[in-house]
Amino acid sequence: MRIHEGRGTAVAAVFLAAFLVSCSASPEAGSDRKPAASEQPAKVADAADGAEPAAAEPAAAEPEAQEPLPTPVEKVRDAFATLQATLGDTCTPGNCDYFLGRVNDELTGLDEAMKADPKGPGHFKQPLAWMSALQETLGDDTSTANLEKHRSELIGVRDKINTWMQDHPDDYR
């Protein structure tokens with residue numbers, strides 16, 4: 001597009017002037033509104049002169065601290081799926097600590113999911129009893145040495161739960 005000299009130059013000058021005025025003017029000039037925090041320039045301390053950063057201004061109406069929401073518990077079907085993923089793995093040299101730790105973690109997650117399930121812990125009575133007995137056997141010691149010592153119990157509980165769940169497909173589909 002070519003602007004003709006004379007009239008086109010004047011029109012272009014008017015548009016340019018309007019643009020510059022609109023860019024430099026405050027959207028609410030003359031308003032008593034305080035600028036939002038995102039509109040205020042950032043205060044940066046000069047690290048070279050060792051100046052301390054400015055103290056944050058207290059918020060006018062800051063809500064009281066609330067307790068964090070509880071972490072949602074995994075669904076039984078999802079926890080069971082991750083436990084099933086361990087069925088093809090075995091305790092091989094160099095992998096045993098990972099494998100046993102994973103089986104233990106997956107059983108713990110399934111235990112929590114079953115206890116939180118809307119069907120209630122009574123629906124999962126046998127698997128919860130097996131996992132409870134395993135936890136009593138392991139105690140608080142989830143070290144590789146202790147998991148290795150109780151490997152047959154750990155794998156046995158995993159396998160019994162897998163069999164039990166296969167008879168209850170409505171719990172994992």
Side-chain angles (χ1 to χ4, degrees), residues 27 33-47 50-173:
R33 181 183 79 83
K34 287 186 176 181
S38 62
E39 296 172 335
Q40 294 178 357
K43 296 178 184 177
V44 180
D46 186 0
E52 293 292 321
E57 294 179 19
E62 195 170 303
E64 292 184 28
Q66 296 178 358
E67 292 187 31
L69 295 174
T71 305
V73 176
E74 194 173 23
K75 291 183 178 183
V76 170
R77 70 163 192 240
D78 297 335
F80 178 59
T82 57
L83 179 66
Q84 277 188 307
T86 68
L87 291 173
D89 292 340
T90 58
C91 194
T92 58
N95 184 38
C96 202
D97 57 338
Y98 168 77
F99 169 69
L100 294 175
R102 181 171 176 208
V103 170
N104 186 54
D105 289 346
E106 300 302 345
L107 287 170
T108 301
L110 184 59
D111 181 75
E112 292 171 2
M114 287 179 170
K115 288 176 180 173
D117 191 83
K119 292 179 183 178
H123 177 72
F124 301 102
K125 188 175 181 178
Q126 284 182 306
L128 288 171
W130 297 326
M131 288 186 280
S132 178
L134 176 64
Q135 291 308 314
E136 285 180 28
T137 299
L138 294 176
D140 291 334
D141 185 2
T142 58
S143 66
T144 301
N146 195 42
L147 294 177
E148 177 65 40
K149 178 180 173 184
H150 300 289
R151 180 188 343 181
S152 61
E153 293 97 328
L154 189 64
I155 303 304
V157 168
R158 179 201 63 184
D159 294 346
K160 285 195 289 189
I161 289 174
N162 183 54
T163 301
W164 187 92
M165 289 294 286
Q166 296 303 323
D167 291 337
H168 297 83
D170 57 312
D171 291 320
Y172 66 91
R173 289 191 181 158

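Note that the structure is a prediction, hence the values are computed from the model and not measured.
Side chains of Leu110 and Met114 form a contact here, defined as non-hydrogen atoms less than 4.5 Å apart. With a 4.5 Å cut-off on side-chain heavy atoms, Val76 and Lys119 do not count as touching. Within the 4.5 Å cutoff, side-chain heavy atoms of Leu107 are placed close to those of Val103. Inter-residue side-chain proximity for Thr144 and Cys96 is flagged as unmet; no heavy-atom pair is nearer than 4.5 Å. Using a 4.5 Å heavy-atom cutoff, the side chains of Phe99 and Leu154 are not in contact.
Taking each heavy atom of Ala113 and Glu74 in turn, the nearest pair found is CB-O, 3.0 Å. The shortest heavy-atom contact between Pro127 and Ile161 is CB-CG1, 4.1 Å. Taking each heavy atom of Arg102 and Ala85 in turn, the nearest pair found is NH2-CB, 3.3 Å. Counting all heavy atoms, side chain and backbone alike, Leu128 lies closest to Lys115 at CD2-CG, 3.9 Å.
Under the 30°/60° scheme for interplanar angles, the aromatic rings of His168 and His123 are found to stand perpendicular.
Taking CG from Asp170 and CE from Met165, the interatomic distance works out to 8.5 Å, rounded to the nearest 0.5 Å. A distance of 9.0 Å separates CG in Asn104 from CG in Leu100, rounded to the nearest 0.5 Å. Atom OH of Tyr98 and atom CG of Asn95 lie 7.5 Å apart (nearest 0.5 Å). In this structure, CG on Asp167 lies 10.0 Å from CG on Asn162, to the nearest 0.5 angstrom.
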Please tabulate, one pair per line, all N/O donor-acceptor pairs under 3.5 Å involving side-chain atoms of residues 130-142, not counting sequence neighbours.
from: Thr137; atom 1: OG1; to: Ala133; atom 2: O; distance (Å): 3.0
from: Asp141; atom 1: OD1; to: Ser143; atom 2: N; distance (Å): 3.0
from: Asp141; atom 1: OD1; to: Ser143; atom 2: OG; distance (Å): 2.7

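Around atom NZ of Lys160, more than 12 heavy atoms belonging to other residues, nucleotides or ligands sit under 6.0 Å away.
Under the salt bridge (charged side-chain N to carboxylate O under 4.0 Å, His left out) criterion, Arg151 pairs with Glu148, not counting sequence neighbours. Applying the salt bridge (charged side-chain N to carboxylate O under 4.0 Å, His left out) test to Asp117 and every residue at least two apart in sequence or in another chain returns nothing.
In this structure, Thr86 contributes its side chain and Thr82 its backbone to no donor-acceptor pair below 3.5 Å.
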